[in-house]
Q: 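Following this message is one structure expressed as structure tokens.
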Amino acid sequence: MGTAVHRVALPALAVLSLDATPGEVALLAFAGSVPALLLSLPAGVLLGRYPLRAVLVTTDLAAAAVALMIPAAAVLHVLTMPLLYSIALALGSLLVLHLAASMAAVPLLSAPGRLHRTNSLFTGVVTTAGVTGSALGTVLVATVGPARALLADVASFIVSACCATRVRALPAPARARAARRPMLDEIREGLRYSATDEVLRPLLTVLMATGIGSGLTVTLLAYHLLTTVHVGTTGLGVIMIASSLGGLAGAFIAPRLARRYGAGTVLVVGFAVHALMQIPPLLAEPGPAWLSVLVAASFLLFAAATSVGTTQRSVQQWVTPLRLRDRVQQTALWLSQGSLPLAALAAGGLATLVGVRAVMLAGVLVLLLSAGMLWRSPVRHLMVKDDGGPRCR
């Protein structure tokens, strides 16, 4: 929740207190998202060297200290855009490490045969916290100002650190006790396994393509809806609420769908629905009828996205040896999340040349092609056994 608060408060602070230009706001967003590209792979190695609970607590406390710098700088009248860039970069880096440790802890804490359901709960909690935090951030910015709103972020990190200390002891990674190899060697080993496994290779390729396609569409979506479709801020808010509800529904229904139809079917159909639901915004015109269509499409899009996210993460954990699990997890995040900031930058540049609709259409085509690639791969035949492991039909 606190993370969602500062994602609302930082750009508001830049605009309201420092008169930031659109380019400076975009650079601020880039500073917060680029750590996913730079640190995801090293994080997979670090998780194998240090206790996960220590990583969770340390990153929370460090993030609290970093976030506290903003209200302190505002009180001292030394707040500047370079300082905001640095803080966004630091918070983004710490959050990459914290999320990596959280995701790595999930399979270690899950009861036997309940891994997919545990991942589903994890995704549901993250989705709920993001929605609640965004709403809380908006209220706090409006009532106490963006600088003071960051105090809620500080408090959230401290609460999170206290909760992390109460997580029961997690198994220490074997590599923490063994002679450490160079980090690049360990990263290469994780990449090599991901690239050669018959299930992981097509799945991670599609995740990378999805990150690129989503970056091209999502970056310009709000601008397109407000300036071309004229949904207004209220309409945009309704669409965002629908997307949040869809995300929750998808997260919680994914394990049931996987047991009934197979994990492969959930992945293939989910990627296809995620791509197809990006088409209505391209066709939409002003008016309440189209707004209803956009609300329904947003619900289905995020339901598909969280179903896919929960299922693919479970498949990764099923097919990957324990000693490589952290690195494969971070490889997947690097390919999907690390490509987003680069695609966002490309979307902004291409939009000035060919127009917003053309860029968004290119993103939809990339998403549709990636779904087709997955259909032709062995992933389509994956089922789920009762003991939590995958098998092919």
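Quick caveat: nothing in here was measured; it's all calculated off a predicted structure.
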Q: When you measure from the side chain of Gln330 to the backbone N and O of Pro42, does any donor-acceptor pair fall under 3.5 Å?
A: no
Q: Taking Ser370 for its side chain and Val206 for its backbone only, find out whether a donor-acceptor pair lies under 3.5 Å.
A: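 Answer holds: no.
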Q: My understanding is that only residues two or more places apart in sequence, or in another chain, count here; which of them pass salt bridge (Lys or Arg N to Asp or Glu O under 4.0 Å) with Arg148?
A: none
Q: If you take all heavy atoms of Leu374 and Leu203, which pair is closest and at what distance?
A: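 In this case the closest contact between Leu374 and Leu203 is CD1-CA, 4.2 Å.
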Q: So, the side chain of Thr320 versus the backbone of Gln317: is there a donor-acceptor pair under 3.5 Å, distance only?
A: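 No; zero donor-acceptor contacts below 3.5 Å.
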Q: Identify the heavy atoms of Leu207 and Phe271 that sit nearest to each other, and give their distance.
A: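 Reported closest heavy-atom pair: CD2-CZ, 4.0 Å.
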Q: Whether the side chain of Ser33 engages the backbone of Phe30 through a donor-acceptor N/O pair (distance < 3.5 Å, no angle test) should be reported.
A: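 A pair under 3.5 Å: yes.
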Q: Starting at CE of Met81, measure out to CG of Leu84 and round the result to the nearest 0.5 Å.
A: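 These two atoms lie 5.5 Å from each other.
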Q: How long is the gap from CG on Leu324 to CD on Gln316, to the nearest 0.5 Å?
A: 12.5 Å
Q: Do Arg313 and Thr123 have a side chain donor and acceptor closer than 3.5 Å?
A: yes
Q: Using modelled atom types only, decide if a donor and an acceptor are shared between the side chain of Thr228 and the backbone of Leu225 within a distance under 3.5 Å.
A: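 No, because the side chain of Thr228 does not come within donor-acceptor range (under 3.5 Å) of the backbone of Leu225.
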Q: Does Leu335 offer a backbone N or O that forms a donor-acceptor pair with the side chain of Ser339 under 3.5 Å?
A: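 The answer is yes, because a donor-acceptor pair under 3.5 Å joins these two groups.
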Q: Once rounded to the nearest 0.5 Å, what's the spacing between atom CG of Leu150 and atom CE of Met69?
A: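 Between Leu150 CG and Met69 CE, I get 11.5 Å after rounding to 0.5 Å.
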Q: Is Arg323 salt-bridged to Glu189, going by a charged N under 4.0 Å from an acidic O?
A: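 A salt bridge is present here (some side-chain N lies under 4.0 Å from a carboxylate O).
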Q: Donor-acceptor check, side chain of Arg201 to backbone of Ser194, threshold 3.5 angstrom: yes or no?
A: no
Q: So Gln278 and Leu367, do their side chains get closer than 4.5 Å, heavy atoms only?
A: yes
Q: Looking at Val125, Thr306, Thr127, which hits side-chain contact (heavy atoms from CB on, under 4.5 Å) with Leu248?
A: Thr127
Q: Side chains of Ser120 and Thr310: is there a donor and an acceptor less than 3.5 Å apart?
A: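 No pair is found: no donor N or O on one side chain lies under 3.5 Å from an acceptor on the other.
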Q: Short question: side chain of His274, backbone of Phe302 - any donor-acceptor pair under 3.5 Å?
A: no
Q: Between atom CG of Leu216 and atom CG of Leu361, what is the distance when rounded to the nearest 0.5 Å?
A: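 Nearest 0.5 Å value for the CG-CG distance: 10.5 Å.
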Q: Could I get the full list of side-chain hydrogen bond (donor to acceptor under 3.5 Å, both in side chains) partners for Thr59, not counting sequence neighbours?
A: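 Here the qualifying residues are His98.
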Q: Got a second to check how far Leu37's CG is from Gln337's CD, nearest 0.5 Å?
A: 11.0 Å
Q: Testing the basics here: between Leu56 and Ala164, what is the closest heavy-atom pair and its distance to 0.1 Å?
A: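 Answer, listing the atom of Leu56 first, then Ala164: CB-CB, 3.9 Å.
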Q: Within the side chain of Ser160, is there an N or O that forms a donor-acceptor pair under 3.5 Å with the backbone of Phe157?
A: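 No, the answer is negative, given that no donor and acceptor are paired below the 3.5 Å cut-off.
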Q: Quick check: does any side chain N or O of Arg380 sit under 3.5 Å from a backbone N or O of Trp375, one acting as donor and the other as acceptor?
A: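 Such a contact is found between Arg380 side chain and Trp375 backbone.
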Q: Can you measure from CD1 (Ile87) to CG (Leu10) and round to the nearest 0.5 angstrom?
A: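 Output value for this atom pair is 7.5 Å.
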